[in-house]
Amino acid sequence: MYPTMPPLSPMPTPQLSAAAPAGGMPDKKQYGLQQQVALQNILRPTMISYTPHQGYAADYGAQLPFMIPNGAMYGHTTHGIPFYHQNLRPGRRQDANDAGSALRSPLLDEFRANKARKWELRDIYGHIVEFSGDQHGSRFIQQKLETATSEEKQGVFDEIVPDNALQLIQDVFGNYVIQKLFEHGTQVQKTVLANTMEGHILPLSLQMYGCRVVQKAVEFVLPDQQAAFVSELDPHVLKCVKDANGNHVIQKLIERVSHERLGFVNSFRGNVYDLSTHPYGCRVLQRCFEHLPEETTRPLMDELHKYMINLMQDQFGNYVVQFVLEQGKPQDRNQVITKLRGQMLNMARHKFASNVCEKALVTAGIEERRILIDEIILPKTDGVSPIVSMMKDQFANYVLQRALTVAETDQKEILIAKIRPQLVSMRRYSSAYSKHLISIERLLERTINASKASDKPADYPSLLHKPVN
């Protein structure tokens with residue numbers, strides 16, 4: 001994955017001599033910059049050069065690299081894609097006379113200082129790349145592209161594509177300009193822009209800003225180019241799925257690309273448990289179930305059912321199970337609820353499985369719900385009352401509250417009759433459960449009052465939400 005870099009605008013610098021000027025004492029800051037250029041020429045003789053702008057001749061390869069404390073130098077390449085050389089961004093603490101100011105063109109300095117002038121895109125032609133890499137300049141270009149004429153869009157496009165596209169795609173501010181070109185450019189411009197990305201889709205997908213541009217491109221390019229993106233990622237799809245940036249690209253492909261072109265989904269088979277218990281994999285799996293046809297997802301769903309009890313208790317897997325309960329097919333939802341039968345008390349007391357219990361109570365059919373609530377009402381064979389245990393538990397008490405809100409009238413009355421005396425007893429002899437009891441007591445009062453006002457059962461939400469640890 002690409003390392004995070006301090007932002008820098010692609011601004012030119014005057015050619016400096018590595019030697020101290022003759023005659024008089026040299027300025028320390030100027031001399032320091034000269035030494036950096038000398039070091040650059042020794043260590044980085046092949047640095048990437050930007051194409052000079054028409055109206056502002058400059059050698060972007062002569063930009064000064066910035067040194068970091070351990071001696072490493074920005075400006076390297078990763079995954080075969082050159083990084084966009086970036087300067088410290090405005091708004092961060094820095095000297096007014098530091099290199100950040102020196103690397104800005106007079107036009108950008110004027111733009112940042114002169115807010116009274118009504119600026120147009122034509123005013124910054126020759127400086128589009130520089131402005132795109134600046135916080136304020138990027139925002140200006142984005143706004144103008146939304147209403148720009150065809151000629152203005154072409155002017156912006158010609159300065160960026162192809163020479164500077166990859167650098168801007170990876171830039172903290174430049175990536176937004178590229179996204180606007182995909183949104184508002186002509187189809188020809190979108191195709192050409194996407195062509196410059198081909199061959200680099202994997203590293204861009206794994207990069208913080210590049211992944212956003214890839215997602216936007218997927219939305220606006222033609223199906224053949226979508227297929228080309230898929231082909232590049234196909235051998236590395238599991239790596240992308242488990243990457244903080246790449247997983248968003250895979251989700252977007254699943255949402256937007258025709259399922260016939262998504263051959264990489266077959267690689268998920270045999271990996272369903274691993275994906276379900278992964279912080280990013282669980283999201284991708286849910287998108288598969290949401291957007292892909294039954295014939296594609298059925299093998300994945302059948303594999304999921306094998307691990308259902310374990311997934312209910314996993315911090316990420318429980319979200320996949322909840323998704324099946326909420327949006328899955330009736331037969332899959334019924335299988336999940338069947339697995340819960342006989343396990344309600346144990347699962348309700350589990351931090352993650354308790355979420356599944358609540359979702360099951362809400363999404364189950366009337367008869368299935370009655371069976372689950374009966375487990376809560378009826379004493380165990382050892383005489384232990386599930387209600388008492390659930391009232392005391394930090395997680396199960398929320399499942400009990402949910403049961404109280406969704407139960408049919410007869411079960412609701414039984415729950416009230418069993419909960420009320422326990423509230424009195426617990427308050428008398430213990431203060432350990434006061435937080436849980438207050439929530440249950442308030443819900444009980446609302447439920448009783450609502451029952452008096454109407455013969456129809458109603459859903460009365462709990463006042464408190466589960467604490468997030």
Side-chain angles (χ1 to χ4, degrees), residues 5-15 47-66 75 82-92 94 96-185 189 192-193 196 209 213:
M5 304 190 331
L8 170 88
S9 296
M11 290 302 304
T13 59
Q15 296 292 335
M47 291 185 67
I48 304 301
S49 295
Y50 285 82
T51 302
H53 293 320
Q54 300 170 356
Y56 188 59
D59 177 11
Y60 287 107
Q63 295 181 83
L64 299 181
F66 277 78
F83 264 124
Y84 180 49
H85 294 215
Q86 297 172 312
N87 187 20
L88 296 174
R89 293 294 181 193
R92 298 185 181 179
Q94 49 184 317
N97 298 320
D98 70 1
S101 299
L103 290 174
R104 285 200 295 263
S105 69
L107 182 64
L108 181 55
D109 278 333
E110 181 187 355
F111 173 82
R112 291 165 61 90
N114 188 357
K115 301 300 181 183
R117 175 178 170 181
K118 185 177 180 181
W119 292 82
E120 300 294 341
L121 282 174
R122 62 177 175 272
D123 298 326
I124 65 169
Y125 284 165
H127 297 261
I128 294 296
V129 174
E130 177 193 5
F131 273 63
S132 296
D134 177 82
Q135 180 179 11
H136 305 287
S138 172
R139 185 179 296 116
F140 168 75
I141 294 174
Q142 291 172 58
Q143 293 171 344
K144 290 298 183 181
L145 282 175
E146 293 178 358
T147 57
T149 64
S150 299
E151 292 76 12
E152 289 173 327
K153 291 176 185 176
Q154 191 63 44
V156 172
F157 182 85
D158 288 340
E159 289 194 37
I160 292 175
V161 181
D163 295 333
N164 301 305
L166 290 177
Q167 290 89 341
L168 288 179
I169 287 171
Q170 300 168 85
D171 181 64
V172 61
F173 301 127
N175 80 89
Y176 294 110
V177 173
I178 303 297
Q179 289 187 58
K180 285 295 180 183
L181 286 176
F182 274 116
E183 290 179 9
H184 300 285
Q189 290 169 346
V192 173
L193 185 54
T196 66
Y209 308 116
V213 176

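All heavy atoms count here, side chains included; hydrogens, waters and symmetry mates do not. For clarity, every value in this text was computed on a predicted model and none was experimentally measured.
Separation of atoms OG (S132) and CG (N164) is listed at 9.0 Å; rounding is to 0.5 Å.
Proximity of N175 to L168: side-chain heavy atoms (C-beta onward) are nowhere separated by under 4.5 Å. Side-chain atoms of E146 and E183, non-hydrogen and from C-beta on, never get closer than 4.5 Å to each other. Within the 4.5 Å cutoff, no side-chain heavy atoms of Y176 are placed close to those of I141.
Of the possible polar contacts, one joining the E130 side chain to the S105 backbone as a donor-acceptor pair under 3.5 Å is found. For D123 (side chain) and E120 (main-chain N/O), a donor-acceptor pair under 3.5 Å exists by modelled atom type. Between the side chain of K153 and the backbone N or O of L145 there is no donor-acceptor pair closer than 3.5 Å. The backbone N or O of Q135 lies less than 3.5 Å from no partner atom in the side chain of S138, so there is not a single donor-acceptor pair. At least one donor-acceptor pair closer than 3.5 Å links the side chain of E159 to the backbone N or O of G126.
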Legend entry - Residues V192, F157; criterion side chain to side chain contact (heavy atoms under 4.5 Å, CB included); working and verdict: CA-CA 10 Å; V192 173; F157 182 85; 3.8 Å; yes
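For P162 against T196, the heavy-atom pair with the smallest separation is CB-CG2, 3.8 Å.
For R112 and D134, the salt-bridge test passes: some basic side-chain N is under 4.0 Å from an acidic carboxylate O. In this structure, E152 does not pair ionically with K144, as no charged nitrogen and carboxylate oxygen lie closer than 4.0 Å. Taking 4.0 Å as the cut-off between side-chain N and carboxylate O, E110 and R117 count as a salt-bridged pair.
Checked options F173, F131, F111, W119; the residue passing with F140 is F111 (criterion: ring-ring contact (aromatic ring centres under 6.0 Å, His included)).
Side-chain atoms of Q179 and Q142 form no donor-acceptor pair, as typed in the model, at a separation below 3.5 Å.
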